[in-house]
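Notes follow once the structure below has been shown.
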Amino acid sequence: MKIFRFFISKIFLRKAILGVAMILLLFMANYTTFTAARSVLSTLQGYQETKYINQEGVYIANLDPHSPIDMDKVDRSGTQAVYDYLSSNFNYAFYTDGFMVSVPNADDMEISLGYMNEAYYTLNQFELLQGTDLDLDFDYQIGGEIPVLIGKGLSKTYPVGATITVEESALGRPLTLRVQGVLKSNANHSNFYALSSKTYYNFSILVPVNEEFINHANIDLQWNGLMDITILETTREEAAELGTVIEDNLGAKFNFFSQQENYDYFNEYYVHSLKVMAAITLVLLAIITCFSIWNGLVSVRLMLKDFTINLLIGLSYSKLRKVFYGYFGILSFINLMVISVFTASNRYGCWIRKDTTFVTYGLFGLIGMDWLALLVVVLLDAVIGIVIVESMLRKIKKVPISLGVLQ
């Protein structure tokens, strides 16, 4: 331990400013790597979650960002005309969420209502912790109880079989909902156009809707449902005709893209961002490696007499290697702890802010992709440590010890 303290204080931390600079550089490299790794993992999940619509004959609506829209022209008769056309000519998957309602629950969270039709539900096949699927429960009468799926966060207050009264709904009147299933922890869906973006269902209620429900719903649900309406078993020409119907009735231009086109659009900017982050990380790693080797060699030369005495009284290069690895191990551990605490604090902040769509459950506040990203950082630090320590030892062995003896 005495030798360890000697080398750390006299070589790596000989000048405090250099030691602090080394720690900050390593932290920057670690955090950039962590962010990039987590983003890649989230994107891979997005690809996995959206692969069900990446098939021939499936087109997804997207409001044209370059086309102005006059909301005064968007009325109930227009949206209903569009849905009448949809029902007569297409098989479509309908989903929209983000309708916030107040429902009593143990965590005092606002609840997000999501509405989905049978085609959307069949495509997704949600995984459940408890309860049963909704496979046969879309053909119901609006006046009675509606079977629903809920997020894990609501299951403490509303177990399977319980009823939930929602005072405000897309129908403009109270609804009675019966809990039929509880979604797995951190169930989510990815954005079709930004695959790394997630919306979590932990405090959501997923309500099955049928044609009758949509026809009686208010304009908000009908309009929002068109934003990501997914047309199944169709052609590009037929989807374009639907776009014309929407424009004629609502004065809004909608484009229809395949999911592969959405992937291509996403990759245009995402891959570029990853390249930038990778370049920054590589530059930081190069600086850290050169800086560490230079700092160690300068300190060894300045402390050559003490260094030589330690070698003469029993310090071996193998022990020195352990000292160096121990030092970089401590640095890596400190950085990992800082990154973990910072990430967990951000996730906990969603609970404090009652940010329903981003609230997650995880070990010590971290979810699966966080832990995997930290593992990537550990592997990177191991590589950095090996390169730096072995390079330093190779350089130190070339320093003539006789100079230290003469001193």
Val166 and Val103: which non-hydrogen atoms are nearest, and at how many Å? CG2-CG2, 4.3 Å
What verdict does the side-chain contact (heavy atoms from CB on, under 4.5 Å) test give for Leu242 and Tyr59, after you've listed the backbone C-alpha separation in whole Å, the side-chain angles of each residue and the deciding distance to 0.1 Å? CA-CA 11 Å; Leu242 173 58; Tyr59 293 91; over 6 Å; no
What distance do Asn335 atom CG and Leu24 atom CG have between them, rounded to the nearest 0.5 Å? 9.0 Å
Is a side-chain donor or acceptor of Ser39 paired with a backbone partner of Thr35 at a separation under 3.5 angstrom? no
Within a reach of under 6.0 Å around CD of Glu110, are more than 12 heavy atoms found that belong to other residues, nucleotides or ligands? yes
Do the ring planes of Phe126 and Tyr120 sit parallel (below 30°), tilted (30 to 60°) or perpendicular (above 60°)? tilted
With distance as the sole test, does Gln180 use its side chain to make a donor-acceptor pair with the main-chain N or O of Asp133 at under 3.5 Å? yes
At their closest point, which heavy atom of Tyr361 faces which heavy atom of Ser185, and how far apart are they? CB-OG, 3.6 Å
For Phe138, which of Tyr115, Phe213, Tyr121 qualifies under ring-ring contact (aromatic ring centres under 6.0 Å, His included)? Tyr121
Scanning both residues in full, the closest heavy-atom pair of Glu390 with Tyr325 reads OE2-OH, 2.8 Å
Which residue is it: Thr234, Ile60, Ile246? I am looking for the one with a side chain to side chain contact (heavy atoms under 4.5 Å, CB included) to Phe256. Ile246
Listing request: all salt bridge (charged side-chain N to carboxylate O under 4.0 Å, His left out) pairs with a residue in residues 85-102, at least two apart in sequence or in separate chains. none
Can you check whether Thr43 reaches Phe266 side chain to side chain, under 4.5 Å on heavy atoms? yes
More than 12 heavy atoms of other residues, nucleotides or ligands under 6.0 Å from CZ of Phe364: yes or no? no
Sequence neighbours left out, what pairs pass side chain to side chain donor-acceptor pair (under 3.5 Å) with at least one residue falling in residues 200-225? Thr79-Gln222, Gln80-Asn215, Gln80-Gln222, Tyr95-Tyr201, Asn186-Asn202, His189-Tyr201
Rounded to the nearest 0.5 Å, what separation is found between the CG atom of Leu175 and the CD atom of Glu145? 11.5 Å
Do the side chains of Ile53 and Phe192 get nearer than 4.5 Å, heavy atoms only? yes
Acceptor/donor pairs from residues 146-164 side chains to any protein atom, 3.5 angstrom cut, sequence neighbours excluded:
{"from": "Ser155", "atom 1": "OG", "to": "Lys152", "atom 2": "O", "distance (Å)": "2.6"}
{"from": "Lys156", "atom 1": "NZ", "to": "Asp107", "atom 2": "OD2", "distance (Å)": "2.9"}
{"from": "Thr157", "atom 1": "OG1", "to": "Ala106", "atom 2": "N", "distance (Å)": "2.9"}
{"from": "Tyr158", "atom 1": "OH", "to": "Pro104", "atom 2": "O", "distance (Å)": "2.5"}

Provide the closest heavy-atom pair for Ser340 versus Leu374 in the form atom of the first, atom of the second, distance. OG-CD1, 3.4 Å
Distance in Å, Leu336 CG paired with Tyr31 OH, rounded so as to fall on 0.5 Å steps: 13.5 Å
Summary of side chain to side chain donor-acceptor pair (under 3.5 Å) pairs that have at least one residue in residues 251-267, sequence neighbours excluded: Tyr47-Asn267, Thr50-Tyr263, Asp64-Asn255, Arg236-Glu261, Ser258-Glu261, Gln259-Asn262, Gln260-Asp264
Quick one, Leu183 and Leu206 - any side-chain contact, counting heavy atoms below 4.5 Å? yes
Between the CD atom in Glu49 and the CG atom in Asn188, the distance rounded to the nearest 0.5 Å is 4.5 Å
Any side-chain heavy atom of Val58 sitting closer than 4.5 Å to one from Leu232? yes
Could you note down all residue pairs passing side chain to side chain donor-acceptor pair (under 3.5 Å) where residues 346-358 supplies at least one of them, sequence neighbours left out? Arg347-Asp370
Keeping Ser345 on the side-chain end and Val341 on the backbone end, is there a donor-acceptor pair under 3.5 Å? yes
So OG of Ser87 and CD1 of Ile214: to nearest 0.5 Å the spacing works out to 7.0 Å
Looking only at non-hydrogen atoms, find the nearest pair between Phe27 and Ile339 and report the distance. CE1-CG1, 3.7 Å
Please state whether the rings of Phe94 and Tyr92 are parallel, tilted or perpendicular, taking 30° and 60° as the class boundaries. perpendicular
Identify, with sequence neighbours excluded, every residue that meets side-chain hydrogen bond (donor to acceptor under 3.5 Å, both in side chains) alongside Ser169. none
Ser190 and Gly46: which non-hydrogen atoms are nearest, and at how many Å? OG-CA, 3.4 Å
Nearest 0.5 Å please: distance from the CG atom of Asn91 over to the CD1 atom of Ile231. 9.0 Å
Step by step, would you call Asn191 with Ser197 a side-chain hydrogen bond (donor to acceptor under 3.5 Å, both in side chains)? CA-CA 6 Å; Asn191 190 294; Ser197 176; 5.1 Å; no
Between Asp381 and Thr33, does a side-chain contact (heavy atoms from CB on, under 4.5 Å) hold up when you go through it step by step? CA-CA 10 Å; Asp381 282 356; Thr33 302; over 6 Å; no
If we only count heavy atoms from C-beta on, is the Ile142 to Arg173 side-chain gap below 4.5 Å? yes
Evaluate the side-chain proximity of Asp228 to Thr96: yes if any heavy-atom separation is below 4.5 Å, no if none is. no
Under 4.5 Å between any side-chain heavy atoms of Phe99 and Glu168, yes or no? no
